[in-house]
Amino acid sequence: MKNYRNLILTLASPVLVSAFVASRHRGTSTNWIIGSDNNLRTCRNPFPLYMSTNPFTSMIGDVASSLFGSKNVAANENAEAALKAISTPSWMELRNSLESQQTFEEKAFRQNLAKGYGVASPLHKARLYNESNKEEDIAVTFYRDSASWCPYCQKVWLALETKEIPYRVEKINMRCYGEKPSSFMRIQPGGQIPVAEINGRVYGQSNDILQALEDQFPNSKKSLLPPDNLQSQAQMLYGLERQLFSAWMYWLTGRSGGAKAKKEFIEVLRYVDTVLRKADSPFFLGKDISMVDVQFAPFLERMAASLLFYKGFMIRVPPGEKTDFPGVNSWFDAMEKLPSYQLTKSDYYTHCWDLPPQLGGCTHEPDGKQYEEAINGIRSLDGTQGSWELPLQQHNGGVEPDWTWVGDEATARREAVERVSANHEAIVKFACRGAGSKGMPPYMAPLSDPNAIPNEAMQKPVDMCLRMVCEALLDGEVEAHNSKMHDIATTIVSQGGKEYAEGVIASLTYLRDRVGVPRDMKLPAARQLRAHLNWSIGKILAAKDS
């Protein structure tokens, strides 16, 4: 157990990178990078003294892909031959097992993805909603960031899906993690996102895009414009949203005046909460979503995550828990019932690491420490286990409400297996960057390395471990697979040696810390995958240290 927890504590500044994008766009950003040269203070060492024997602790703050690159871990024929003798399911067998458990809707996911139909997914390249819409009739091309970081992109994404306007997606790097293609710079010389091309005209600001969608698609499923009798109320609320944003920025990024900044933020948030409670409806202007909710959504979501992580200030609470902000929590409850918001919603882990490079840094306060550790997978609030350790605690131990609208745990596990198994070759290769070499040129974010060179010697053991993870996910119980995972771990160590084992560990850890929400999968699936990867990592650590 000690070794298992040590691995949970490996990387102090984890980030997320898309294996799918990385595998197909060599030389471009993988879209998930965090931190900056001015924000390295966030990479401080959080480890207690008993961690001193952990082989990763000396590397805190460095790029994960360089952990073992200098050791030049080579392929090991003895280890590969011994591993091959251990019976594990093939990817085809795992897909067949998955399909035997999937619902009709789940089975149709890939087919609907290709056609633009079905339940919305960040993987859609074109969104048609149903067969009544044809791709040749699409009038909107939506340029958004690949990583689903950008709050202004989220506004437009939320509006498009709420209104059910067909659109095509083009994914663009943010400057903090990569270069923008020249084709994009020709239509948006400043490089900012979001951008939308609507009926041949380019709009380069989120609010301009939102207005154009209302003006040019009057017959869409829903108008988001406030009714005439609520226009003055809407204008007041737009101003309130900017006031809340400013107070959040002052507290989150300020280098001094923490108590004053906190007081000012709470005053504005309480006023927002009062407005929502007096509305006598879940949304700002009534019983349905409006443009006011679209403006508030991206930032209230990020406030709930970042202020808990950096300041220890809780806005969003699990169901049934007491809160000083019941109106805001009821608003979140209502938003989370909307498929359009479910699609675009991220998790705390993602937000807390995507904000620093966008904002130029966030400041920590001591009250946030225990929440930071829980969100980062280090330890639960009650201190009894790693927060990415099986069995997973409900609501991450009281830190972040579960996404109950997704379905049960079995649904989440199937989603994780579907996403991994559908792209397993690229994901395995991507994971092996953890034992590979740094790429050039480097990017400012510590863990962004789109040009990194994977260590191909790790591919076979990493592939086997990942198949075991998927098998355990499908079965829903790791206990039945402990013996086989133990045999794999023991073989990796005994036949491959210490450095070989460390390379496998680094690769699996690299992957674990780069599962993006919503880009790769929804939060429940991400939690399951992260925890099951930790189960596999823990077995190898235990074998290495025995």
Side-chain angles (χ1 to χ4, degrees), residues 18 20-21 24 31 104-172 183-184 187 193-204 206 208-224 289 291 293-294 297-298 335-346 405-406 415 418-419 422-423 516-522 525:
S18 168
F20 183 84
V21 174
R24 286 162 170 73
N31 298 308
F104 177 81
E105 186 178 78
E106 290 169 351
K107 289 179 180 178
F109 174 73
R110 290 287 160 177
Q111 184 178 9
N112 284 335
L113 199 63
K115 293 181 178 179
Y117 304 151
V119 176
S121 167
L123 300 178
H124 269 114
K125 295 181 178 179
R127 190 78 172 104
L128 297 175
Y129 305 98
N130 56 61
E131 295 182 3
S132 67
N133 298 310
K134 306 300 180 184
E135 188 166 1
E136 57 267 26
D137 298 326
I138 290 177
V140 177
T141 299
F142 175 34
Y143 295 83
R144 68 172 179 87
D145 69 304
S146 304
S148 307
W149 277 15
C150 174
Y152 302 97
C153 293
Q154 187 180 6
K155 287 184 189 181
V156 176
W157 199 5
L158 179 59
L160 283 166
E161 287 287 331
T162 300
K163 297 173 71 61
E164 293 193 1
I165 297 172
Y167 62 97
R168 186 175 292 104
V169 178
E170 294 289 342
K171 296 179 181 179
I172 304 296
S183 58
F184 177 74
I187 67 170
I193 49 175
V195 169
E197 186 175 345
I198 304 174
N199 290 317
R201 180 177 174 182
V202 174
Y203 298 82
S206 61
D208 292 342
I209 297 170
L210 293 173
Q211 186 62 52
L213 294 177
E214 292 296 329
D215 293 343
Q216 299 190 39
F217 298 92
N219 298 320
S220 63
K221 181 179 180 181
K222 172 178 173 52
S223 172
L224 291 169
I289 185 175
M291 194 67 74
D293 302 285
V294 171
M335 289 294 293
E336 288 168 4
K337 291 182 174 67
L338 303 176
S340 55
Y341 184 65
Q342 293 173 1
L343 165 68
T344 66
K345 181 176 171 59
S346 187
W405 38 268
V406 169
E415 181 183 351
E418 200 287 329
R419 301 303 186 268
N423 196 34
V517 177
R519 186 205 54 222
D520 299 321
M521 58 191 70
K522 294 183 280 291

Parallel, tilted or perpendicular: rings of Phe142 and Tyr167 (30°, 60°)
perpendicular
Pick from Val140, Ile209, Leu210: which one makes a side chain to side chain contact (heavy atoms under 4.5 Å, CB included) with Tyr203?
Ile209
Take atom NZ in Lys221; do more than 12 heavy atoms of anything else shown fall under 6.0 Å from it?
no
With no hydrogens and no angle check, is any side-chain donor or acceptor of Glu415 less than 3.5 Å from a backbone partner on Lys522?
yes
At their closest point, which heavy atom of Gly118 faces which heavy atom of Arg127, and how far apart are they?
O-NH1, 3.1 Å
Could you check whether any side-chain heavy atom of Asp293 comes within less than 4.5 Å of a side-chain heavy atom of Tyr341, counting everything from C-beta outward?
no
Would you compute the distance between atom CD of Glu161 and atom CG of Leu338 and round it to the nearest 0.5 angstrom?
11.5 Å
Are the side chain of Lys171 and the backbone of Asp145 linked by a donor-acceptor contact shorter than 3.5 Å?
no
Do side-chain atoms of Tyr129 reach the backbone of Ile165 as a donor and acceptor pair under 3.5 angstrom?
yes
Any side-chain heavy atom of Glu197 sitting closer than 4.5 Å to one from Tyr143?
yes
Is there a side-chain contact between Leu213 and Ile198 (heavy atoms, below 4.5 Å)?
yes
Once you round to the nearest 0.5 Å, how far does OG of Ser132 lie from OH of Tyr117?
8.0 Å
Can you list the steps and then say if Glu131 with Lys115 is a salt bridge (Lys or Arg N to Asp or Glu O under 4.0 Å)?
CA-CA 9 Å; Glu131 295 182 3; Lys115 293 181 178 179; 5.3 Å; no
Straight-line distance of Asn199 CG to Asp215 CG, nearest 0.5 Å
11.5 Å
Ser346 OG to Gln154 CD distance, which is reported to the nearest 0.5 Å
8.0 Å
Just so I know, are the side chains of Val156 and Tyr152 near enough to count as touching, which here means a heavy-atom distance under 4.5 Å?
no
For Ile289 against Val294, the heavy-atom pair lying closest together:
CD1-CG2, 4.2 Å
For Leu128, is there any backbone N or O sitting under 3.5 Å from a side-chain donor or acceptor partner on Glu135?
no
Working note: Glu418 + Arg110, criterion salt bridge (Lys or Arg N to Asp or Glu O under 4.0 Å); need CA distance, chi angles, decisive distance, verdict.
CA-CA 10 Å; Glu418 200 287 329; Arg110 290 287 160 177; 2.7 Å; yes
Taking all non-hydrogen atoms of both residues, which atom of Thr162 and which atom of Leu224 are closest, and how far apart?
CG2-CD2, 3.9 Å
Please report the closest heavy-atom contact between Met521 and Arg419, naming both atoms and the distance.
CE-CB, 3.9 Å
Any donor-acceptor pair under 3.5 Å from Ser220 side chain to Glu164 backbone
no
Any side-chain heavy atom of Leu343 within less than 4.5 Å of one from His124?
no
Are Trp157 and Pro122 packed together at the side-chain level, in the sense that at least one heavy-atom pair is separated by less than 4.5 angstrom?
yes
Looking at Val195, Asp208, Thr141, which one forms a side chain to side chain contact (heavy atoms under 4.5 Å, CB included) with Val202?
Val195
My understanding is that only residues two or more places apart in sequence, or in another chain, count here; which of them pass salt bridge (charged side-chain N to carboxylate O under 4.0 Å, His left out) with Arg144?
none
What are the two closest heavy atoms between Lys222 and Lys163, and how far apart are they?
O-NZ, 2.8 Å
SG of Cys153 to CD1 of Ile172, rounded to nearest 0.5 Å, is 9.5 Å
